[in-house]
> 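Next up is a structure, given as structure tokens.
So that the names make sense, note that chain A is the first sequence line, chain B the second, and so on, each numbered from 1.
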Amino acid sequence: MVEAALGSQFDCLVIGAGVVGNAIARELSRFRLRVGVVEKELDVGMGTSARNSGVLHSGIHYTPGTLRAELNVEGNSMMEELCRQLKVKIDYIGKLTVAGHEEEIPTLYRLKEQGEANGVPGLEILKPEGMEKLQPGVNGLMALYSPSTGIICPYTFTIALAENAHQNGVSFFLGQEVTGIQKTESGFLVSTRQEKRFSTKVLINSAGLYSDRIARLAGINDYKIYPCRGEYLVLDKRLGHHLSTLVYPAPHKGKAGLGIHLTKTVDGNILVGPSNEYIDSPENWATTGHIMEKLREEGEGLLPSLTTSDIIRSFAGVRPKQNPPEIGGFKDFVIEAREDVRGFINLVGIESPGLTCSPAIATMVRDMVADLLPMEKREDFQPERSGRAKYFHELPAEERADLIGQDKDWGEVICRCEHITKKELIEAIQNPLGVRSISGLKFRARVMMGRCQGGFCLPRIVEILEKEFGYRPEDFFSYKEGSNFFTGYVRQPG
Amino acid sequence: MKIKKAKRDVVVVGGGPAGLAAAVSAKKEGAPQVLLIERGRVLGGILNQCIHDGFGLHRFKQALSGPEYAQRFIDDLESLSIDVMLNTMVLSLDGERRLLVSSKDGLMEIEAGAVVLAMGCRERTAGALMLPGSRPTGVYTAGVAQTLINLQNIMVGQEAVILGSGDIGLIMARRLTLEGAKVKGVYEILPYASGLPRNIKQCLEDYQIPLHLATTVVELHGSSRLTGVTVSRVDEARRPVPGTEEFIPCDTLLLSVGLIPENELSREAGVQIDPTTGGAVVDDTLMTTVPGIFSCGNVLQVHDVVDDVSEEAESAGAHAARYAMGRMSPADTYVQLRAGKGIRYLLPQKVSGQMDFVLSARVTEPMENKALVLRDQNGKGILRKKKIRLHPAVMVRVKVDRDRLKGANRIEMGVE
């Protein structure tokens, strides 16, 4: 029982390949440690990490002295350099928190004061003229402007962290659901539903929506996660130019989210959402008729030129909340090195602004690991992710022409809506983590993400995977077991 | 590698039925250098996957398959030595008719004397319908299923429900049945079918596939692969009627709920788009609001039959050639055309009055024993066409003689 295979012995094992788990793994890969990440899904970032607004928060919303406030401001300040290293797009487009009514104005001043106490830079109260300059057509009496609010693609960032960690020697075990944790003399023995075993000295619970369950497996019964769903509509890029900054309504007490708003994505789409609704299952990613209708109405209110053809997709994310519905609101993150279960580092309830906090959480956890294990820096740590920062179509024409000269696959556009080339698709197919799902290609190459939702490129992608990578109809699945695209051949080939 | 540069008299964007006819027509009209740019690896566009027959009934008095219909134009194209770039994507187009195109051979900037936009359309997706559920696999637009089955030998599912009674959905109901899948029914939110009457007969009735009108899909079930759909009757305002829900087990949902002209390139060039057609605003030469840029086929308006596409494209191609050769310039004044009672849209939206033209229109709802009437700004009747049956699924095409427009500066078409 205790002898795990040699390759599965780790100094640190992270459970959960979300943005936080991957950030921790990457941070730990700077040291001479054997680091592994175990993830129940077949790709990284398939839970809360990929399903959110993609906003880098400034830190105005959180009570001074809380982990959320400190890690947010610190994480935000680390992001620019980190994204440069990981070759991930980031855009500090700023945010207006708008008071629509007189009684909301004091809230803006309170937020400004709170933000300043948290160390948020550059906060300013703006009158309508100032607001208009930042976002033409914006309504409202007054606004708090936070210039350090930014946008980032949450799944690109999560994948980039994992790929860079992998590049630096971290082992990823995808499709491995942890079902058993046994305390041993030297650490832990972790077993999965898929019958893999791992031994590790330090075990890090970064399981997001399942963090309470993983804690319980380790004998810690202090926590319970209440899943809270937020639905979004994704709008056509055609409308992207309408937003030059983010505009949020002033928050109201007791609400679990920040209110429905428009968020621009780094790829030029607009998200309408999120809604806010407690649900029973941590994996209920369904969108619902009445909420989508409400989002559409709100979207039309905020963007009068919106038509139903501009709605290209809906999705939902689930927040791991620690407060039950009857209490609502936010509870501070739990990030603790357990004294009672030595070697167990426990992260619970990392909801918004977890994405922004992730690099700061990683350094905090690194320091906790340093109390448990000797940490020796690696000389050969490579902070720069291999790969490219931009899509081909974003490059200057001369540079594009050069690339086509080097490899003709750059010249062949596969996805006509997003102008993604065959070369970019092939690189995604050959991704370093070995992910084989079609959603993995979407998240990596952005194919099928445009307004036709794969109408034109899916058949072409299928053809390339069949002819150049030997896929058969049954090999095509969306993101999890059973999510097959096809039922077979029409006629047996041959 | 350098960005190559080229100049052509007429550049046609898109090698489907509209682009083929436009290129052939431009060349026949005398344009010395005509270039056709196609994104796919073969010419013919959507016709290649339309292996059923019924194409060319008007034009060739024959029921051809899609590829056969396309081949007639491809043969013409080859005999006229028209330049073709395959596997080539137009990345951008500006108002000065400069195109940037990408292919395996590199990037090329092309200056065009005239441009014919013939990019066709795309299918409305599940996203625009905001179908509730967990986004399982097994939901396809009908055209994607058609591509996969007919061109790639890939079977999309075994038990299907079809939402929307557009023509491709009807054709695919038959196609799936012929390939051994069970098609449980076609559901249409409107109280009448959207596809052509002949397709209702030949694709559904002949195969005992039920068509449920005023009914729609209100929820998708399954979080990995589709396991079923909930359908519901709808009221006159197209809202689901509570209590009429029914669960239909299926592993596949095909959507045939509308086509959207692919005008991203047109918008980039500054072409004004008609919100009703989703296509360009054009005059009687099929020139858009940007001089020298013409539009035809499904990128201009979604057609019912390919024969009409060819006719429209020939007109656009010929006018583009004349423009490129300096034999045409925009009219000084236009007669504006407006949709009146019972008409959803009219095309062209404005005419010079200097030439005969074909007016395309769609009615708002099915009607019987009516007349289509053109009236000028004073209410004076210009043209009257009796129609036994009018249906939104059937495009009305009326030839209008230029002499009838004398003295008019605004014309309205209505159903009387």
> Looking at chain A, which one of B:G133, B:A126, B:G40 has the largest number of heavy-atom pairs inside 4.5 Å, strictly under?
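Looking at each option in turn, the highest pair count goes to B:G133.
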
> Just checking B:R238: does its CZ atom have more than 12 heavy atoms from other residues, nucleotides or ligands closer to it than 6.0 angstrom?
no

> Of the listed residues (A:S314, A:C417, A:G289), which shares the most heavy-atom pairs with chain B below a 4.5 Å separation?
A:S314

> Can you see which heavy atom on A:V462 is nearest to which on B:I154, and at what distance?
CG1-CD1, 3.3 Å

> Can you tell me which portion of B:T147 sits under 4.5 Å from chain A's heavy atoms? Options are side chain, backbone, both or neither.
side chain

> Is there a donor-acceptor pair under 3.5 Å between the side chain of A:S483 and the backbone N or O of B:T137?
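It does not hold such a pair.
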
> Would you say CZ of A:R388 has more than 12 non-hydrogen atoms from neighbouring residues, nucleotides or ligands within 6.0 angstrom?
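Yes, CZ of A:R388 has more than 12 neighbouring heavy atoms, counting only those of other groups under 6.0 Å.
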
> Before you tell me yes or no, could you show the steps for A:E283 and B:S134 under side-chain contact (heavy atoms from CB on, under 4.5 Å), namely the whole-Å CA-CA distance, both residues' side-chain angles and the distance that decides it to 0.1 Å?
CA-CA 10 Å; A:E283 280 184 46; B:S134 299; over 6 Å; no

> Working note: B:S224 + A:E481, criterion side-chain contact (heavy atoms from CB on, under 4.5 Å); need CA distance, chi angles, decisive distance, verdict.
CA-CA 7 Å; B:S224 33; A:E481 224 170 282; over 6 Å; no

> May I ask you to list the residues in residues 173-183 of chain B that approach chain A closer than 4.5 angstrom, counting heavy atoms only, ordered by number?
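Those residues of residues 173-183 of chain B which have a heavy atom under 4.5 Å from chain A are B:E179.
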
> Output yes when B:R239 and A:E293 qualify as a salt bridge under the 4.0 Å nitrogen-oxygen rule, no when they do not.
no

> Does anything in residues 253-264 of chain B reach chain A? List residues with heavy atoms under 4.5 Å apart, or say none.
B:I260, B:E262, B:E264

> Counting only non-hydrogen atoms closer than 4.5 Å, can you tell me which residues of residues 229-236 of chain A sit against chain B?
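The list, in residue order, reads A:L233, A:D236.
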
> Quick one: does A:N484's side chain have a donor or acceptor within less than 3.5 Å of a partner on B:R225's backbone?
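Side chain of A:N484 to backbone of B:R225: no pair is present.
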
> Among B:E123, B:M108, B:R41, B:E109, single out the residue with the greatest number of heavy-atom pairs under 4.5 Å to chain A.
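Result: the option with the highest number of such pairs is B:R41.
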
> Is A:R296 close to chain B through its backbone or its side chain, or both, or neither, when contacts mean heavy atoms under 4.5 Å?
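Answer is side chain: those atoms of A:R296 sit under 4.5 Å from chain B.
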
> Are the side chains of B:M155 and A:P473 in contact, using a 4.5 Å heavy-atom criterion?
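They are not in contact (no side-chain heavy atoms under 4.5 Å apart), so the answer is no.
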
> Pick one of side chain, backbone, both or neither for B:R122, based on which atoms fall under 4.5 Å of a heavy atom in chain A.
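Both backbone and side chain.
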
> Ignoring hydrogens, what is the shortest heavy-atom contact between A:I404 and B:D105? Give both atom names and the distance.
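Closest pair (atom of A:I404, atom of B:D105, distance): CG2-C, 4.4 Å.
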
> Out of B:E219, B:Q158, B:K4, which one racks up the most heavy-atom pairs below 4.5 Å with chain A?
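Of B:E219, B:Q158, B:K4, B:Q158 has the most heavy-atom pairs under 4.5 Å with chain A.
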
> Name the region of B:M130, side chain, backbone, both or neither, that has any atom closer than 4.5 Å to a heavy atom of chain A.
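Looking at B:M130, backbone and side chain both touch chain A.
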
> Check step by step if side-chain contact (heavy atoms from CB on, under 4.5 Å) holds for A:R400 and B:L100.
CA-CA 12 Å; A:R400 282 184 279 169; B:L100 179 64; 4.0 Å; yes

> Please check: side-chain N/O of A:R416 versus main-chain N/O of B:M89, any donor-acceptor pairing under 3.5 Å?
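No, A:R416 side chain to B:M89 backbone: no donor-acceptor pair under 3.5 Å.
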
> Check the surroundings of atom NZ in B:K2: do more than 12 heavy atoms from other residues, nucleotides or ligands lie under 6.0 Å from it?
no

> Considering only heavy atoms and a distance below 4.5 Å, find which of A:R491, A:E412, A:E466 pairs most often with chain B.
A:R491

> Hey, are the side chains of B:I3 and A:E398 touching, using non-hydrogen atoms and a 4.5 Å cut-off?
yes

> Which heavy-atom pair separates A:S309 from B:A128 by the least distance, and what is that distance?
CA-CB, 4.4 Å

> For the NZ atom on A:K294, are there more than 12 heavy atoms of other groups (residues, nucleotides or ligands in this structure) within a distance under 6.0 Å?
no

> Sort A:I312 into side chain, backbone, both or neither according to what part of it lies under 4.5 angstrom from a heavy atom of chain B.
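Just its backbone gets close to chain B.
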
> Without swapping roles, check the side chain of B:Q152 against the backbone of A:P459 for a donor-acceptor pair under 3.5 Å.
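Indeed, once roles are kept as given, a pair shorter than 3.5 Å links the two residues.
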
> Quick one: what part of A:T288 sits under 4.5 Å from any heavy atom of chain B, side chain, backbone, both or neither?
backbone

> For A:D310, is it the side chain, the backbone, both or neither that has a heavy atom under 4.5 Å from a heavy atom of chain B?
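A:D310 has no heavy atom closer than 4.5 Å to chain B.
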
> Going by heavy atoms in the side chains, are A:H419 and B:L91 under 4.5 Å from each other?
yes

> Do the ring planes of B:Y140 and A:F486 sit parallel (below 30°), tilted (30 to 60°) or perpendicular (above 60°)?
parallel

> So which atom in A:Y479 and which in B:S223 form the shortest heavy-atom distance, rounded to 0.1 Å?
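Where A:Y479 meets B:S223 most closely, the heavy atoms are OH-O, 4.1 Å.
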
> Ignoring hydrogens, what is the shortest heavy-atom contact between B:S102 and A:W410? Give both atom names and the distance.
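Closest pair (atom of B:S102, atom of A:W410, distance): OG-O, 4.5 Å.
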
> Checking heavy atoms, do the side chain of B:D251, its backbone, both or neither come under 4.5 Å from chain A?
side chain

> Would you say B:D235 has more than 12 foreign heavy atoms packed within less than 6.0 Å of its CG?
yes

> Excluding sequence neighbours, so at least two apart, what forms side chain to side chain donor-acceptor pair (under 3.5 Å) with B:S232?
B:T244

> What part of B:T125 lies closer than 4.5 angstrom to a heavy atom of chain A: side chain, backbone, both or neither?
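Only the side chain of B:T125 comes within 4.5 Å of chain A.
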
